[in-house]
Amino acid sequence: NPYQFDVTLDIIGGLTEISVPTDIVFVIDKSGSMAFDVAGNNVGVNHRNSRWNISKRGLTKFVDELLVPEKDVRMGVVTFGSDGTSSVWAEQANYGDGSRFTTDPSSIMNNPTITENPENSGTPTYMGIELAAKTLADHGRQNAKKYIITLTDGVSTFYPKSDYGIQEASKTESRGKVIYSLGKQYCSGTGNEQTQENIINSYNGLVRHLNNRAYNSNYYPGIETVGHFGVSLGANGEYISKTLTAIGSSGKYNAASEASLNEALQTISERISSYKNNIILGSLTDQMSSYVTFQGDHTNIKFSALELI
């Protein structure tokens, strides 16, 4: 039929960032080695190139990227360390009125958990991650996606006795933070990486505690849906790789410089941000002439599409 034609119409779409409620707990190592540079030189915690200051600059960029009005993202901070070898602790930022989350980047960076420098401390990683799990369980929004991001500069050097952790810790409220601490009778470890035995025991104790306590929904409901990212700075070796695997099931990153740390955090930010196709359901309005009549019914219409990957 010379008066009958097939007509092809194209619709071009893309990706649109959408606002999805998201709660993030950023866990930061406050061990004494944060006073070193990434090459392992003790430059002092206040030096521009200390791991601590590199970490703070990376965190500043991270929160500035995510904590913006158009994104429904809240963030909290947990840090962990020890008082020499006498006790281990983790501290949770308090942003006022009992809130453990904020949408304000300056509140993150000006909280004592960040402004107070690391001192003579070992690395009880298990304390920080368990407190992050508790923070999400107690204060996270029910409808939010949830993430724990752990930044450390070395392997664990303490581990729990009989799974003692945050549940058994003493709780002290201080200016802008809440501190959970356990005495030496509740933990094992030398607080340093000088012996392979302590590194292995601390790693095994960390994994055991994650499985039995921190990642156990009987203690922290909803933890099974939480995303976990692990980031190391200036660390290397077999057990840092194993540690990142244990704490970073959603992604692990081993940064050897400030640039690679920023790249890792940028990658995590992009993975946390949500995107979807901006054409899901669409409608076409007939723009043909009034002298053109559609023949048949909707079964005559054929659809094909390219997928965005």
Side-chain angles (χ1 to χ4, degrees), residues 23-31 74-95 98-101 111-113 121-142 144 146-152 155-174 176-191 198 201-230 243 246-249:
D23 290 342
I24 302 167
V25 179
F26 205 107
V27 183
I28 309 178
D29 180 349
K30 265 192 169 180
S31 60
R74 305 188 311 167
M75 193 177 301
V77 168
V78 164
T79 60
F80 61 90
S82 72
D83 294 321
T85 59
S86 63
S87 66
V88 296
W89 49 261
E91 53 187 17
Q92 176 191 63
N94 182 353
Y95 299 108
S99 177
R100 303 300 189 262
F101 290 95
N111 186 270
T113 54
S121 171
T123 313
T125 312
Y126 70 97
M127 290 287 287
I129 295 177
E130 186 183 355
L131 184 52
K134 177 176 174 60
T135 302
L136 288 172
D138 292 351
H139 302 277
R141 292 172 291 180
Q142 187 173 1
K146 299 177 178 68
Y147 298 94
I148 296 173
I149 303 168
T150 304
L151 172 59
T152 182
V155 296
S156 297
T157 59
F158 288 104
Y159 55 101
K161 292 179 179 177
S162 303
D163 279 328
Y164 288 118
I166 296 299
Q167 298 279 340
E168 293 77 27
S170 62
K171 178 180 175 182
T172 305
E173 298 205 18
S174 182
K177 62 183 181 179
V178 181
I179 305 167
Y180 293 79
S181 60
L182 284 171
K184 185 62 177 175
Q185 67 270 32
Y186 297 106
C187 65
S188 298
T190 64
N198 188 59
N201 288 340
S202 297
Y203 166 75
N204 290 334
L206 167 66
V207 173
R208 183 175 61 249
H209 194 76
L210 294 180
N211 292 332
N212 294 347
R213 181 67 69 87
Y215 293 170
N216 188 333
S217 59
N218 291 325
Y219 289 95
Y220 303 110
I223 190 65
E224 69 280 1
T225 66
V226 173
H228 302 271
F229 293 96
T243 297
I247 67 177
S249 58

Backbone N or O of [Y] within a donor-acceptor pair of the [X] side chain at under 3.5 Å?
{"X": "Asn198", "Y": "Thr157", "answer": "yes"}
{"X": "Ser121", "Y": "Gly81", "answer": "no"}
{"X": "Thr123", "Y": "Thr125", "answer": "no"}

Rounded to the nearest 0.5 Å, how far apart are [atom1] of [X] and [atom2] of [Y]?
{"X": "Leu210", "Y": "Thr243", "atom1": "CG", "atom2": "OG1", "result": "9.5 Å"}
{"X": "His209", "Y": "Cys187", "atom1": "NE2", "atom2": "SG", "result": "11.5 Å"}
{"X": "Phe80", "Y": "Thr152", "atom1": "CZ", "atom2": "OG1", "result": "4.5 Å"}
{"X": "Ser86", "Y": "Lys184", "atom1": "OG", "atom2": "NZ", "result": "9.0 Å"}
{"X": "Ile179", "Y": "Glu173", "atom1": "CD1", "atom2": "CD", "result": "10.0 Å"}
{"X": "Ser82", "Y": "Leu182", "atom1": "OG", "atom2": "CG", "result": "12.0 Å"}

Derivation of the side-chain contact (heavy atoms from CB on, under 4.5 Å) call for Asn204 and Tyr159: CA-CA 8 Å; Asn204 290 334; Tyr159 55 101; over 6 Å; no
Residues Lys146 and Asp23 bridged, charged N to O under 4.0 Å: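 No salt bridge links Lys146 with Asp23.
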Electrostatic pair Asp163:Arg213 at N-O distance under 4.0 angstrom: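 Between Arg213 and Asp163 there is no salt bridge, as every charged N stays at least 4.0 Å from the carboxylate O atoms.
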With a 4.5 Å cut-off on side-chain heavy atoms, are [Y] and [X] touching?
{"X": "Ile149", "Y": "Val25", "answer": "no"}
{"X": "Phe26", "Y": "Leu151", "answer": "yes"}
{"X": "Val226", "Y": "Leu136", "answer": "yes"}

Steps toward side-chain contact (heavy atoms from CB on, under 4.5 Å) verdict (Arg74, Arg141): CA-CA 10 Å; Arg74 305 188 311 167; Arg141 292 172 291 180; 3.4 Å; yes
Looking only at heavy atoms, what is the nearest atom pair of [X] and [Y], with distance?
{"X": "Pro124", "Y": "Gly122", "result": "CD-O, 3.4 Å"}
{"X": "Ala214", "Y": "Ile223", "result": "O-CG1, 3.5 Å"}
{"X": "Asn212", "Y": "Asn216", "result": "O-ND2, 3.0 Å"}

From CA spacing to verdict: side-chain contact (heavy atoms from CB on, under 4.5 Å), Ile247, Ile129: CA-CA 8 Å; Ile247 67 177; Ile129 295 177; 3.3 Å; yes
Under 3.5 Å side-chain donor-acceptor pair for Ser202 and Ser156: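 No donor-acceptor contact under 3.5 Å links the two side chains.
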Test side-chain contact (heavy atoms from CB on, under 4.5 Å) applied to Val78 and Thr135, step by step: CA-CA 9 Å; Val78 164; Thr135 302; 4.1 Å; yes
Stepwise side chain to side chain donor-acceptor pair (under 3.5 Å) test for Tyr220 and Glu130: CA-CA 9 Å; Tyr220 303 110; Glu130 186 183 355; 2.6 Å; yes
Plane angle bin for Tyr215 and His228 - parallel if under 30°, tilted between 30 and 60°, otherwise perpendicular: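 Ring orientation, 0 to 90° scale: tilted.
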Glu91 and its salt bridge (charged side-chain N to carboxylate O under 4.0 Å, His left out) partner, picked from Arg100, Lys171, Lys177: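 Between Glu91 and the candidates, salt bridge (charged side-chain N to carboxylate O under 4.0 Å, His left out) is satisfied uniquely by Lys177.
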Sequence-distant partners of Asn111, side chain to side chain contact (heavy atoms under 4.5 Å, CB included), two or more places apart: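 Applying side chain to side chain contact (heavy atoms under 4.5 Å, CB included) to Asn111 gives Ala93, Tyr95, Thr113.
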